[in-house]
Number of protein chains: 2
Amino acid sequence: MANNLGLSIDRSSPVPLYHQVVQGIEAAIYSGVLEPGSRLDNEIDLAAQLNLSRPTMRKAMDELVRSGLLVRKRGVGTQVVSSQVRRPLELSSLYDDLTNNGKKPTTDVLSFAHLEADEATLATLQLPAGSKVYHFTRLRKVGGKPLALMENWVRDDIADMDEAMLAAEGLYSILRRGGVNFRLATQRIGAMTANEYQASMLEAAEGSALVTMERTAVDDTGRRVETGHHVYRADSYSFEMTLVQR
Amino acid sequence: MANNLGLSIDRSSPVPLYHQVVQGIEAAIYSGVLEPGSRLDNEIDLAAQLNLSRPTMRKAMDELVRSGLLVRKRGVGTQVVSSQVRRPLELSSLYDDLTNNGKKPTTDVLSFAHLEADEATLATLQLPAGSKVYHFTRLRKVGGKPLALMENWVRDDIADMDEAMLAAEGLYSILRRGGVNFRLATQRIGAMTANEYQASMLEAAEGSALVTMERTAVDDTGRRVETGHHVYRADSYSFEMTLVQR
DNA sequence: AAAGTCCTAATGTCAGCACAAATAAATTTC
DNA sequence: GAAATTTATTTGTGCTGACATTAGGACTTT
């Protein structure tokens with residue numbers, strides 16, 4: 001059972017010990033050192049092997065269980081979960097997702113305005129009457145092929161932005177650079193058929209299937225930063241996610 | 001700052017102390033006792049007020065932060081997050097979702113068979129060649145109106161099932177009664193347009209928009225229990241979820 | 001008055017200990 | 001030989017204690 005998963009801990013590193021363990025075990029799983037279904041040593045032994053306390057070890061394993069990589073059973077032990085488990089849906093933008101997968105997305109900014117928010121937007125972003133917001137629509141392409149038509153409203157007291165910035169990078173990286181730390185987002189995914197405008201922009205047939213997403217993102221101070229309404233070509237995009245039972 | 005959130009701890013209860021705190025604070029938030037944006041007392045005081053240790057209090061708050069109800073800031077304090085935050089997408093069945101919302105769903109079992117799995121199903125459920133599975137299609141209605149058309153494959157070594165059971169209750173409650181503890185599921189949500197068969201079953205127009213979902217569920221022993229392919233009327237159903245940044 | 005420095009309060013991390021509860025295997029008993 | 005009981009193992013829960021890190025306000029100095 002000498003489950004030597006070749007990971008070492010750097011106590012002088014600024015990254016917390018439990019997080020080093022999380023990363024180490026994650027790497028061991030993804031690299032195949034830890035095979036799906038294999039049992040880990042018990043918490044106490046593992047902690048001793050790494051010269052850590054049991055609570056620290058446990059905190060690391062807690063995170064791995066939460067993210068669905070490990071499964072614990074009292075009185076039995078801890079196992080690596082089956083396999084092929086995709087990473088859960090992250091709080092990131094489409095642009096990030098695509099670049100992370102090695103794609104080269106491009107963005108056409110179809111419209112851009114800095115104006116007073118309408119009532120619905122004020123309510124959604126919880127802004128006082130008379131507030132101004134950025135409003136813009138973008139068309140995202142991958143390999144020259146249209147993928148998504150996106151309409152967004154962003155509060156204007158966080159980061160300055162203009163058409164050129166939106167054409168060059170993703171909305172979320174602009175906001176992050178402006179100091180926004182995203183905490184959570186609520187989103188709704190549904191479907192619709194393409195109307196004439198959507199069809200022409202996405203170079204799809206009128207009446208073809210589209211995936212719709214509405215999202216509102218909240219930062220770590222509780223501010224509602226951004227809301228958007230996106231549609232994707234159903235033949236090119238779908239949302240994949242992992243749900244973990246708690 | 002006497003933040004008396006009228007919650008009491010029952011040390012003789014079998015439910016863990018930290019979980020009692022989670023439930024108590026959740027209730028305080030949902031009932032409005034804790035208003036969005038309000039600051040909580042610091043961890044140490046809160047722990048003292050409830051006669052708990054700080055780690056126990058912290059574990060409770062950890063969960064609330066993870067689920068997006070609270071926001072912590074080092075050196076500052078802990079706040080109730082803005083508001084109106086929906087609960088995250090749970091690992092549950094459509095049937096559960098509907099009944100929890102006070103609806104009265106009915107199920108028509110369109111086909112039911114206990115047969116040898118085809119190759120794709122064997123691979124998806126990671127079963128040895130020659131294994132048998134249950135295969136069935138169901139039509140779910142709410143208030144007499146068709147909502148979803150569902151096709152599922154279930155391994156047969158867990159629970160016995162027949163048409164009558166499927167007509168009377170949800171798949172997940174049958175499986176849970178059979179001793180399955182679900183741990184995680186991977187699912188993919190997309191869109192398509194209704195073909196002739198789907199349109200007639202769902203009483204929708206041919207070519208109307210449908211939300212599609214494919215899901216595979218894994219239990220706590222790592223077994224792949226169930227896989228399904230569902231379509232929903234887009235005008236009646238969409239997936240709402242909360243993403244939490246980690 | 002503006003800038004920089006110090007201090008305080010709060011969360012973040014980590015250690016060590018103790019006992020409870022569930023599971024599975026080994027043992028005993030009938 | 002089979003069933004019931006005990007025992008060992010492993011995770012689950014909870015406590016005490018300590019120090020680090022960060023944010024923000026108060027204070028001092030220029």
Side-chain angles (χ1 to χ4, degrees), chain A residues 1 3 9-25 38-66 69-81 179 181 183 219-222 245-246, chain B residues 1 3 9-25 38-66 69-81 179 181 183 219-222 245-246:
Chain A
M1 197 126 329
N3 206 320
I9 301 298
D10 176 8
R11 298 193 85 96
S12 68
S13 159
V15 25
L17 302 182
Y18 70 86
H19 199 248
Q20 292 185 39
V21 176
V22 169
Q23 293 175 324
I25 296 182
S38 62
R39 264 209 332 285
L40 296 183
D41 288 350
N42 68 60
E43 299 170 350
I44 300 178
D45 287 352
L46 276 178
Q49 287 169 29
L50 297 172
N51 275 327
L52 297 172
S53 70
R54 187 182 164 213
T56 301
M57 194 66 215
R58 237 186 110 69
K59 176 154 189 177
M61 297 176 78
D62 272 345
E63 287 208 15
L64 292 162
V65 168
R66 250 190 299 123
L69 285 174
L70 298 182
V71 165
R72 283 195 287 216
K73 243 181 170 174
R74 186 191 291 199
V76 181
T78 305
Q79 273 188 321
V80 179
V81 97
N181 298 305
R183 259 316 125 82
D219 77 355
D220 59 356
T221 65
Q245 181 79 345
R246 288 164 314 181
Chain B
M1 197 131 326
N3 206 319
I9 301 298
D10 177 7
R11 299 191 85 96
S12 68
S13 159
V15 26
L17 301 182
Y18 69 86
H19 199 249
Q20 291 185 39
V21 177
V22 169
Q23 293 174 324
I25 296 183
S38 62
R39 266 210 329 287
L40 296 183
D41 288 349
N42 69 60
E43 299 172 349
I44 301 179
D45 287 353
L46 277 178
Q49 286 168 31
L50 297 173
N51 276 326
L52 296 173
S53 70
R54 189 183 164 211
T56 302
M57 193 67 215
R58 235 185 113 70
K59 177 154 189 179
M61 297 176 79
D62 272 345
E63 287 208 15
L64 291 162
V65 168
R66 253 190 293 123
L69 286 174
L70 297 182
V71 165
R72 280 194 288 217
K73 246 181 169 175
R74 186 190 292 201
V76 181
T78 304
Q79 273 188 322
V80 178
V81 97
N181 298 305
R183 261 316 125 82
D219 77 355
D220 58 357
T221 64
Q245 181 79 345
R246 291 165 314 178

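In this text the structure is predicted, and so the values were computed from the model without any measurement. All heavy atoms count here, side chains included; hydrogens, waters and symmetry mates do not. Throughout, protein chains are lettered first and strands after them, A, B, ... in sequence-line order, and every chain is numbered starting at 1.
Summarising the geometry of A/V80 relative to A/L70, their closest heavy-atom pair is CA-CD2, 3.9 Å, with the distance given to 0.1 Å. Smallest separation of non-hydrogen atoms from B/L40 and B/M61: CD1-CE, 4.1 Å. In plain terms, the two heavy atoms of A/L17 and A/D10 that are nearest each other are CD2-O, 4.3 Å.
Between B/R72 and C/dA10, a side-chain N or O to OP1/OP2 separation shorter than 4.0 Å is absent. Here A/K59 reaches the OP1 or OP2 of C/dT13: one of its side-chain N or O atoms lies under 4.0 Å away. Between B/Y18 and D/dG14, a side-chain N or O to OP1/OP2 separation shorter than 4.0 Å is absent. In this model, the phosphate group of D/dT13 is not approached by any side-chain N or O of B/T56 to a distance below 4.0 Å at OP1 or OP2. Note on B/R11: a side-chain N or O is less than 4.0 Å away from OP1 or OP2 of D/dC15.
For the pair B/I44 CD1 and D/dC15 P, the interatomic distance rounds to 14 Å; values are reported in whole Å. Computed from coordinates, the A/N51 CG to C/dC14 P distance equals 14 Å when rounded to whole Å. Between the CG atom of A/D62 and the P atom of D/dT10 there is a distance of 18 Å, given to the nearest Å. Atom-to-atom, CG of A/D10 to C1' of C/dC14 comes out at 16 Å; the value is rounded to the nearest Å. Rounded to a whole Å, the CZ atom of A/R58 is 11 Å from the C1' atom of D/dG14. Atom CG in A/L40 sits about 16 Å away from atom C1' in D/dT9, given to the nearest Å. Rounded to whole Å, the distance from CZ on A/R39 to C1' on C/dT23 is 12 Å. Look at CG on A/L52: it is 10 Å from P on C/dG16, rounded to the nearest Å.
Mapped onto DNA chain D by nearest heavy atom, A/R74 and B/S53 fall at different nucleotides, with A/R74 at the one closer to the 5' end. Residues A/K73 and B/K73 each lie close to DNA chain C; by heavy-atom proximity, the contact nearer the 5' end of the strand is made by B/K73.
Contacts of A/P55 with the nucleic acid, taken as non-hydrogen atoms under 4.0 Å apart, include base atoms.
Taking only distance into account, the side chain of A/R54 meets the base of D/dG12 through a donor-acceptor pair shorter than 3.5 Å.
Residues A/V65 and A/R58 are not in side-chain contact: their nearest non-hydrogen atoms beyond the backbone lie 4.5 Å or more apart.
Here A/L52 contributes atom CG and A/E43 contributes atom CD; the two are 12.5 Å apart, rounded to the nearest 0.5 Å.
Proximity note for A/N42 (side chain, C-beta onward) versus D/dT11, D/dA23, C/dT11: the nearest is D/dT11.
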